[in-house]
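Naming: A, B, ... by sequence-line order, numbering from 1 per chain.
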Number of protein chains: 2
Amino acid sequence: MAVTTTAQVAPFPKSGHDHARCRDWMIKRAESLCLDQGLRFTPQRREVLEILSTAHQCLGAYDILERMGHRDRRPPPAAVYRSLDFLMELNLVHRMTSRNAFFACTRAEHAAPIQFWICRHCGVVGESESTLITDEVARLAGELAFRPETINVEIEGACQTCRTP
Amino acid sequence: MAVTTTAQVAPFPKSGHDHARCRDWMIKRAESLCLDQGLRFTPQRREVLEILSTAHQCLGAYDILERMGHRDRRPPPAAVYRSLDFLMELNLVHRMTSRNAFFACTRAEHAAPIQFWICRHCGVVGESESTLITDEVARLAGELAFRPETINVEIEGACQTCRTP
DNA sequence: CAAGAAATTGATATAATATATCGTTCGGTA
DNA sequence: TACCGAACGATATATTATATCAATTTCTTG
């Protein structure tokens, strides 16, 4: 019998994973989203998304900054934060609060709030989408008479590649 | 029939809640823990725990700092962080990563990792302990071949008192 | 008790992360 | 072209956190 699960798991990138393809896919998605919503996908915003989606890790704002422009003509910190805010608004980028870092979301859409898995060793980020967890949060919220606005589930540990067998 | 639940919920403090009593209880618990483990519950560490457990909210490190000592004779930032590290090691204090803030844990012991509920308006913090959630995280970890080390579940929103009815 | 070791604290500096403000430029539109 | 609003650049500063090393306190042992 098949294993039933409430979660759709977005696996971590495989070792042969092609970051360039992944990046192109993200860019296309961003372009289409912006077109639909009448928003501007400027070169700066594009550059931030390219950097994040190529890295396939979470990066600090200043890590992103270092990779922007060339040695000369580097934008100020606020520019990165502005682009990150824009991309987060579109759910293309998420913030990893436990690290003050950011990463490109690899899921096309979020049917529900998701869970983030981050490897302490290589920094790679995976995502899962467990309705069981979100349902339980909703139930608990009822008990507590609490109205949830953002749900943040971050699991840090060792990914398959990095944990010693 | 009784409602069955997998979660033991530590409710938010009631409106008539006596912070002083709560604080005294926390201090006693800290004293007893330190005695057992041969650790030193110094005046500085005590002061940090008193401030946090009286507030019953999460506070930033520098908020705590402002309430320490008197106007003169205020310790340097590192002192607060050292005390916080000590208290977190004992699970008496937790860090709210989404806010870079700290709060005193009101639960006697954690049988399992817990969930934090924080009100955006008044900053009050509640805790729940849902084994359903932690079990599901464990199951997902298996699917992902991921070894979890820390699990961080933070729900931000509006508490019963603050949400407009 | 004295001397040495270890833990804690104080003092100073600085790193890392994030935001505020305001003038300029860019893109679209009347 | 002239205007308007969004985006960006430039500058300054706020907020959060850590590094380093000396001084002090506490504990342990002789």
Side-chain angles (χ1 to χ4, degrees), chain A residues 30-31 33-49 51-52 57-90 92-103 123 154, chain B residues 30-31 33-52 57-90 92-103 118 123 154:
Chain A
E31 283 171 342
L33 270 174
C34 288
L35 196 61
D36 287 353
Q37 302 186 32
L39 301 171
R40 288 162 55 188
F41 191 50
T42 64
Q44 200 168 75
R45 290 165 178 173
R46 169 188 295 264
E47 191 177 14
V48 170
L49 185 57
I51 289 166
L52 274 178
Q57 298 186 343
C58 62
L59 296 177
Y62 285 76
D63 294 328
I64 297 168
L65 197 53
E66 279 177 8
R67 306 183 191 198
M68 287 182 75
H70 305 295
R71 279 160 195 72
D72 50 345
R73 197 86 181 151
R74 176 149 307 154
V80 183
Y81 286 101
R82 282 191 288 232
S83 290
L84 287 169
D85 287 345
F86 176 85
L87 296 168
M88 286 193 289
E89 196 67 31
L90 292 174
L92 293 166
V93 165
H94 294 302
R95 176 196 206 91
M96 174 80 44
T97 67
S98 58
R99 299 195 155 205
N100 295 322
F102 305 85
F103 64 97
E154 298 176 10
Chain B
E31 283 171 342
L33 270 174
C34 289
L35 196 61
D36 288 353
Q37 304 185 31
L39 300 172
R40 288 162 55 188
F41 192 51
T42 64
Q44 201 167 74
R45 291 164 176 171
R46 170 189 295 263
E47 190 176 15
V48 169
L49 185 59
E50 281 179 354
I51 289 166
L52 273 178
Q57 300 186 343
C58 63
L59 296 177
Y62 285 76
D63 294 328
I64 297 168
L65 196 53
E66 278 176 10
R67 305 182 191 199
M68 287 183 75
H70 304 293
R71 279 160 195 72
D72 51 343
R73 198 87 181 150
R74 176 149 305 155
V80 183
Y81 286 101
R82 283 190 287 233
S83 291
L84 287 169
D85 287 344
F86 177 87
L87 296 168
M88 285 194 289
E89 196 68 31
L90 292 174
L92 293 166
V93 165
H94 294 301
R95 175 196 208 89
M96 174 81 43
T97 68
S98 57
R99 298 196 157 207
N100 297 321
F102 305 85
F103 63 97
I118 178 169
E154 297 175 12

Inset, instruction - Rounding to 10 degrees, work out the angle separating the end axes of the helix from C:dC1-D:dG30 to C:dA30-D:dT1 (five pairs an end). - result: 20°
Legend entry - With sequence neighbours excluded, residues passing side chain to side chain donor-acceptor pair (under 3.5 Å) with A:Glu66: none
Legend entry - Results of ring-ring contact (aromatic ring centres under 6.0 Å, His included) for A:Phe103 - residues two or more places apart only: A:His94, A:Phe116
Legend entry - Contact state string [nucleotides 16-30 of chain C, B base, S sugar-phosphate only, - no protein heavy atom under 4.0 Å]: -BBBB------S---
Legend entry - Contacts of A:Gln57 that satisfy side chain to side chain donor-acceptor pair (under 3.5 Å) - sequence neighbours left out: none
Legend entry - Leading and trailing nucleotides of DNA chain D with any atom under 4.0 Å from heavy atoms of chain B: D:dT16 to D:dT26
Inset, instruction - Just jot down the side chain to side chain donor-acceptor pair (under 3.5 Å) partners of B:Gln44, sequence neighbours excluded, or say none. - result: none
Legend entry - Which residues share a salt bridge (Lys or Arg N to Asp or Glu O under 4.0 Å) with A:Glu89, sequence neighbours left out: none
Inset, instruction - Check side chain to side chain contact (heavy atoms under 4.5 Å, CB included) between B:Ala101 and all other residues, then give those that pass, not counting sequence neighbours. - result: B:Cys58, B:Arg99
Inset, instruction - Using the test side chain to side chain contact (heavy atoms under 4.5 Å, CB included), find all partners of B:Asn100 that sit at least two apart in sequence or belong to another chain. - result: A:Asn100, B:Arg95
Legend entry - All side chain to side chain contact (heavy atoms under 4.5 Å, CB included) counterparts of B:Leu39, not counting sequence neighbours: B:Cys34, B:Gln37, B:Phe86, B:Leu90
Inset, instruction - Just jot down the salt bridge (Lys or Arg N to Asp or Glu O under 4.0 Å) partners of B:Arg46, sequence neighbours excluded, or say none. - result: B:Glu31
